[in-house]
S.K.: 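Pasting a structure here, questions to come.
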Amino acid sequence: MNFGGVEENVVLREEFPLEKAREILKDETIAVIGYGVQGPGQSMNLRDNGFNVIVGQRQGKTFDKAIADGWVPGETLFSIEEACEKASIIMCLLSDAAVISVWPTIKERLAPGKALYFSHGFAITWSDRTGVVPPADVDVILVAPKGSGTSLRTMFLEGRGLNSSYAVYQDVTGRATDRALALGIGIGSGYLFETTVEREATSDLTGERGSLMGAIQGLLLAQYEVLRENGHTPSEAFNETVEELTQSLMPLFAKNGMDWMYANCSTTAQRGALDWMGPFHDAIKPVVQKLYESVKTGNEAQISIDSNSQPDYRVKLEAELKELRESEMWQTAVTVRKLRPENN
């Protein structure tokens, strides 16, 4: 398929229907290891689509959540060890930090011919830092939904699909590609585009630190602060910075593209947007280049590993999130959301 003049390998549902996916995996037992961010959505979508899927999870809150979602202890819900023993495909959906600690348990149960599945290339791409080196006699595949597990599940229930990337890192059985695509369709992907484990890891870390979360928060806060420093009220600053963007413009350029937005706004907005996109680009691109280099070299991975392994990690994280949550901009958001027409 052609994307802006570049040919890419894309698999559509019409080309790889659910019935074909079921046939490919009809004799497989799929174990979803981890029930945090991606585990619930992927496992429940597979279950609802008719695949033989079980969950492996340690005792605790997430184990109880799995029970609440209909997984039955001793039947479809097991310890990580037992689930890995039973499975022919092990879907490792643990957090990056948890993968490092649980890896010896998983590796010990990777018999020849099994498939090891990831939804993030972090552990393998930076294996020198994580210690995750798959055995040479198993398939290693990746399917990475381009969104949260919650979005994957919500869109599945709405009859839609979240786009995913897929990759084959190691093909021992000759079936690795079929296994990856079947699982991608099974979890509810809209379409699947081919990548590599390394490209997925580097683009993912760059994206979440960049335009998806880090950069967008930085940009929004900078504009909000300038407006407030120049006498604009919190409500006005928030509406001009966040509310109009998320409630009015994002749905439109998500549907039609930013080129359409530029062609369908006031002449004043057109002139200003065309004039200022260059200075913003020129100021931001060096930051993105610095970010990408930090990701590519493994520096960001190491920062994450070091941070997440600290005994007081959760306490420090909660303090940082509390500061963000209680900032004036996002406290203003609480009030603005209540004033939306659908809430009145």
Side-chain angles (χ1 to χ4, degrees), residues 37 41 145-155 158 160 162-163 203-291 300 304 307 314-344:
V37 177
K146 298 299 103 181
S148 70
T150 301
S151 298
L152 182 73
R153 180 62 176 167
T154 300
M155 293 176 74
E158 293 173 351
R160 300 187 294 147
L162 189 65
N163 301 331
S203 61
D204 185 82
L205 263 67
T206 301
E208 62 198 13
R209 285 155 176 74
S211 65
L212 302 181
M213 292 177 69
I216 193 68
Q217 166 63 15
L219 172 62
L220 296 177
L221 183 60
Q223 180 169 306
Y224 180 88
E225 288 175 342
V226 169
L227 290 173
R228 290 288 288 122
E229 289 160 4
N230 284 276
H232 298 270
T233 65
S235 176
E236 183 172 50
F238 186 84
N239 271 280
E240 294 293 351
T241 300
V242 180
E243 192 72 354
E244 184 175 354
L245 172 68
T246 59
Q247 300 304 299
S248 175
L249 303 187
M250 274 189 170
L252 289 173
F253 73 73
K255 181 180 179 181
N256 302 310
M258 186 60 82
D259 55 329
W260 183 92
M261 283 297 306
Y262 272 53
N264 287 275
C265 62
S266 71
T267 55
T268 302
Q270 284 175 339
R271 185 68 270 144
L274 287 166
D275 288 346
W276 277 93
M277 70 178 184
F280 273 110
H281 168 271
D282 294 346
I284 293 167
K285 188 170 181 180
V287 179
V288 178
Q289 289 171 324
K290 183 178 179 180
L291 163 60
E300 292 299 312
S304 179
S307 173
R314 283 288 171 190
V315 175
K316 289 180 178 178
L317 175 64
E318 286 304 320
E320 290 182 277
L321 294 177
K322 183 174 184 288
E323 182 179 358
L324 181 64
R325 183 172 59 250
E326 294 182 355
S327 66
E328 183 186 275
M329 184 169 75
W330 292 115
Q331 284 302 300
T332 298
V334 174
T335 303
V336 170
R337 285 195 292 267
K338 291 177 181 176
L339 294 174
R340 288 174 185 165
E342 65 267 24
N343 294 325
N344 289 292

S.K.: Got Trp330 and Arg325 here, is their nearest side-chain heavy-atom distance under 4.5 Å?
M.R.: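 No. Closest side-chain heavy atoms not under 4.5 Å.
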S.K.: Measure the spacing between CD of Glu244 and CZ of Phe238 and express it to the nearest 0.5 Å.
M.R.: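 If we round to the nearest 0.5 Å, Glu244:CD and Phe238:CZ are 12.0 Å apart.
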S.K.: What heavy-atom pair brings Arg153 and Gly41 nearest, and what distance separates the two atoms?
M.R.: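 Closest approach of Arg153 to Gly41: CB-CA, 4.0 Å.
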S.K.: Is the closest side-chain heavy-atom distance between Asp282 and Lys285 below 4.5 Å?
M.R.: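 The answer is no, as the side chains (C-beta and beyond) never meet within the 4.5 Å cut-off.
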S.K.: Using the side-chain contact (heavy atoms from CB on, under 4.5 Å) criterion, which residues pair with Glu323? Sequence neighbours excluded.
M.R.: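 Expected list: none.
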S.K.: Give the intermediate values and the outcome of side-chain contact (heavy atoms from CB on, under 4.5 Å) for residues Glu243 and Arg340.
M.R.: CA-CA 10 Å; Glu243 192 72 354; Arg340 288 174 185 165; 2.8 Å; yes
S.K.: Nearest 0.5 Å, please: how far is CD in Glu225 from OG1 in Thr241?
M.R.: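 Spacing of OG1 (Thr241) from CD (Glu225) equals 10.5 Å.
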S.K.: Rounded to the nearest 0.5 Å, how far apart are CZ of Arg271 and SG of Cys265?
M.R.: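 Answer rounded to 0.5 Å: 11.0 Å.
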S.K.: In Å, rounded to the nearest 0.5 Å, how long is the span from CD of Gln247 to CG of Leu252?
M.R.: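 Those atoms lie 11.5 Å apart.
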S.K.: Would the distance check show the side chain of Thr332 and the main-chain N or O of Glu328 forming a donor-acceptor pair, the cut-off being under 3.5 Å?
M.R.: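 The answer is yes, because a donor-acceptor pair under 3.5 Å joins these two groups.
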S.K.: Going from CH2 on Trp276 to NE2 on His281, what distance comes out if it is rounded to the nearest 0.5 angstrom?
M.R.: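 So the gap between those two atoms works out to 15.5 Å.
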S.K.: Mark yes when over 12 heavy atoms from residues, nucleotides or ligands other than Phe280 sit less than 6.0 Å from its CZ; otherwise mark no.
M.R.: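 Counting neighbours around CZ of Phe280, 12 or fewer heavy atoms of other residues, nucleotides or ligands fall under 6.0 Å, so no.
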S.K.: Looking at every heavy atom in both Leu162 and Ser148, which two are closest together, and how far apart are they?
M.R.: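 Scanning both residues completely, I find the closest heavy atoms to be CD2-O, 4.0 Å.
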S.K.: Considering non-hydrogen atoms only, spot the tightest contact between Leu245 and Leu220 and give its length.
M.R.: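 Shortest heavy-atom separation between Leu245 and Leu220 comes out as CD2-CD2, 4.0 Å.
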S.K.: Does any non-hydrogen side-chain atom of Val315 lie less than 4.5 Å from one of Glu318?
M.R.: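 Contact flag for Glu318/Val315 side chains = no.
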S.K.: Compare every heavy atom of Met261 with every heavy atom of Leu249, then report the nearest pair and how far apart it is.
M.R.: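 Minimum heavy-atom contact is CD2-CE, 3.4 Å.
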S.K.: Mark yes or no for whether Asn239, through its side chain, and Ser235, through its backbone, hold a donor-acceptor pair below 3.5 Å.
M.R.: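 Here the side-chain-to-backbone pair exists.
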S.K.: Working to the nearest 0.5 angstrom, can you tell me the gap between Leu205 CG and Leu212 CG?
M.R.: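 Here the interatomic distance stands at 11.0 Å.
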S.K.: Looking only at non-hydrogen atoms, find the nearest pair between Asn256 and Asp259 and report the distance.
M.R.: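 Taking every non-hydrogen atom into account, O-OD1, 3.7 Å.
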S.K.: Taking the side chain as everything from C-beta on, heavy atoms only, tell me whether Met329 gets closer than 4.5 Å to Gln223.
M.R.: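 No, side chains not in contact.
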S.K.: Give a yes or no on whether Arg314 atom CZ has more than 12 heavy-atom contacts from other residues, nucleotides or ligands under 6.0 Å away.
M.R.: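 Open: at most 12 neighbouring heavy atoms sit under 6.0 Å from CZ of Arg314.
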S.K.: Give a yes or no on whether the backbone of Met213 and the side-chain of Arg209 come within a donor-acceptor separation of less than 3.5 Å.
M.R.: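 Flag not set: sc Arg209 to bb Met213 has no pair under 3.5 Å.
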S.K.: Can any side-chain N or O of Ser307 pair as donor or acceptor with the backbone N or O of Ser304 at less than 3.5 Å?
M.R.: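 Flag not set: sc Ser307 to bb Ser304 has no pair under 3.5 Å.
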S.K.: Looking only at non-hydrogen atoms, find the nearest pair between Gln270 and Asn264 and report the distance.
M.R.: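 Between these two residues, the closest heavy atoms are NE2-N, 4.4 Å.
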